[in-house]
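Counting convention: from 1, in listed order, for ligands and their atoms alike. Here the structure is a predicted model, which means the values were calculated and not measured.
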Amino acid sequence: MNDIELRQYVMETTEEFVLKHVAPVAKEIDEQERFPMATFKEMGRLGLTGIPFSQSYEGLGLNYSVYLAVIRRLARTCASTAMTLVSHSTLSCTPIDAFGTEEQKRSFLIPMILGQRIGAFALTEPGSGSDMASMSTVAVEQDGYFELTGSKAFITNANVADYYIVPAKTAPEKKSLGISLFVVESGTRGVQVSEHKEKKLGMRGSDTGSLTFSKVKIPSSQLIGKKNFGLPILHHTLVSARLGMAAIALGIAEESRKQCLEYVRQRKQFDQYLFQFQSIGNMLADMEMGINASELLLEKAVRLKEAGQPYMKEASEAKLFASEMVNRVTKNAIQIFGGYGYSRDLPLERYFRDAKLTEIGDGTSEIQRMIIVEELMRQEKRAKPEEGKRWVR
Ligand SMILES: Cc1cc2nc3c(=O)[nH]c(=O)nc-3n(C[C@H](O)[C@H](O)[C@H](O)COP(=O)(O)OP(=O)(O)OC[C@H]3O[C@@H](n4cnc5c(N)ncnc54)[C@H](O)[C@@H]3O)c2cc1C
């Protein structure tokens, strides 16, 4: 199969998978706040957990744009499932894929790419969110291992993961330049998973929990990259994840628009179809424009990434624009459906709740604006930020 045929095959497989395995449970997993383990395993069986990774490590070796197209398609039906996949594939596999040793790739990456093992990326802490340099989890180097102590909060897949990617301070005095990343296996002595799952506004079919590490012994062979080299790994990983978040936002928005377009042609009030009211038409026009603009920003960022060019600013722009767009779109979609939109019989209220996370996860909107202006200043050479200043996500 050449790349074009493989891409087409992946999209057809995704469509079938969504119709058969995702759509029937999307409402239920939201209501029951249940992680759909069977759905995840099926994604692995179909190769969807390894789309952008090399065939040498059992991935499909396809472009990032194919991976994002799959995320977008999943998000149209179930944003929780899309988020589970981004947390697993982008946030958890990427650090090992890009910076891991051959041994780490064989031991941890391949089982994750095959969907046999689930990954979670554990950066956020109770006292450290946007400001990751303030993290208090530490890993002290001993003879042949690191001793990890600290806690993490709001971790997607925490309760279901087999491997955690854990950033910790290995040189606290160096702040953000003293962070290292580790692969931690879930059953390791001293690793404690939260007793109950986080109860959330949206994305309820994705698992979120917290972790505690009490003097956990991590073999030095599980250090990703070099000691104190965590910041570049985190930037590399989070920038990719922002594209995933933009794709989730686009998927939710597209489905909301589709449902609105069908409804405004059916529903009549005052002897007119809804689309004939100018104020409703304005909302539809804004939806259309917002979705198209988001798509272009995402395409631009992906093009740069695939060409090996810097794309931090463009990823933040794509994520910021798409996440603010989808919040407007889902709010207006409910408005267009009136009382029916507010009802839990329709999925629009779920899209509205799920959309909010895109403005928070992988760096809030405020942080994306900070990154954009910082990169802009750097590019324009009007100001050069001090070394190590960019501590935020
Ligand atoms: C459902 C869900 C899943 C998540 N999954 C993961 C995961 O898998 N792994 C992980 O590590 N984390 C995860 N997170 C955590 C998420 O990344 C953080 O919530 C996010 O980065 C914000 O951090 P915080 O919540 O601590 O907010 P804070 O950093 O405390 O921010 C609070 C508010 O202050 C604003 N703010 C902070 N700093 C500045 C500034 N310098 N300038 C202007 N405004 C500022 C923020 O924008 C925000 O509005 C998840 C969160 C949620 C809700």
- Query: Does CD in Gln8 sit with more than 12 non-hydrogen atoms of other residues, nucleotides or ligands closer than 6.0 Å?
  - Reply: no

- Item | Part of Glu198 within contact of ligand 1 (heavy atoms, under 4.0 Å) | neither

- Message: Quick check on contacts: which atoms of ligand 1 are under 4.0 angstrom from a heavy atom of Lys200?
- Response: 1 (C)

- Message: Other residues, nucleotides and ligands only: do more than 12 of their heavy atoms fall within 6.0 Å of NZ on Lys331?
- Response: no

- Query: Looking only at non-hydrogen atoms, which of Phe121, Tyr164, Phe154 approaches atom 13 (C) of ligand 1 most closely?
  - Reply: Phe154

- Query: Just going by heavy-atom distances, which of Thr364, Ile367, Leu238 is nearest to atom 47 (O) of ligand 1?
  - Reply: Thr364

- Query: Is it the case that more than 12 heavy atoms not belonging to Glu324 sit under 6.0 Å from its CD atom?
  - Reply: yes

- Are Lys305 and Tyr311 in a cation-pi setup, meaning NZ or CZ lies under 6.0 angstrom from the ring centre and within 45 degrees of the ring axis? no

- Message: With a sphere of 6.0 Å drawn around NZ of Lys300, does it hold more than 12 non-hydrogen atoms of other residues, nucleotides or ligands?
- Response: no

- Could you tell me which residues satisfy side chain to side chain donor-acceptor pair (under 3.5 Å) with Lys258, sequence neighbours excluded, listed by chain and number? none

- Near Phe182 CZ, under 6.0 Å, is it more than 12 heavy atoms from other residues, nucleotides or ligands? yes

- Query: Could an N or O of ligand 1 be found under 3.5 Å from any N or O of Thr156, whether backbone or side chain?
  - Reply: yes

- Using heavy-atom distances, let me know which of Leu234, Asp131, Thr124, Ile155 sits nearest atom 18 (C) of ligand 1. Thr124

- Query: Taking atom 52 (C) of ligand 1 as the point of reference, which of Ile360, Thr208, Ile165, Leu357 owns the nearest heavy atom?
  - Reply: Leu357

- Contact partition for Met203 relative to ligand 1, non-hydrogen atoms under 4.0 Å: neither

- Message: Tell me whether Glu295 is salt-bridged to Arg72, with the criterion being a basic N under 4.0 Å from an acidic carboxylate O.
- Response: yes

- Query: Considering Gly129, Gly361, Ser80, Ser130, which one's heavy-atom position lies nearest to atom 29 (O) of ligand 1?
  - Reply: Ser130

- Task: Please state whether Met83 comes within less than 4.0 angstrom of ligand 1, counting heavy atoms only.
- Result: yes

- Message: Using a 4.0 Å cut-off to any heavy atom of Met370, which atoms of ligand 1 qualify?
- Response: 40 (C), 41 (N), 42 (N)

- Return a yes/no value for Ala122: is any of its N or O atoms, backbone included, closer than 3.5 angstrom to an N or O of ligand 1? no

- What about Glu366: any of its N or O atoms under 3.5 Å from an N or O on ligand 1? yes

- Message: Connecting only ILVMFWY residues whose side-chain heavy atoms lie within less than 4.5 Å of each other, what is the rest of Met289's hydrophobic cluster?
- Response: none

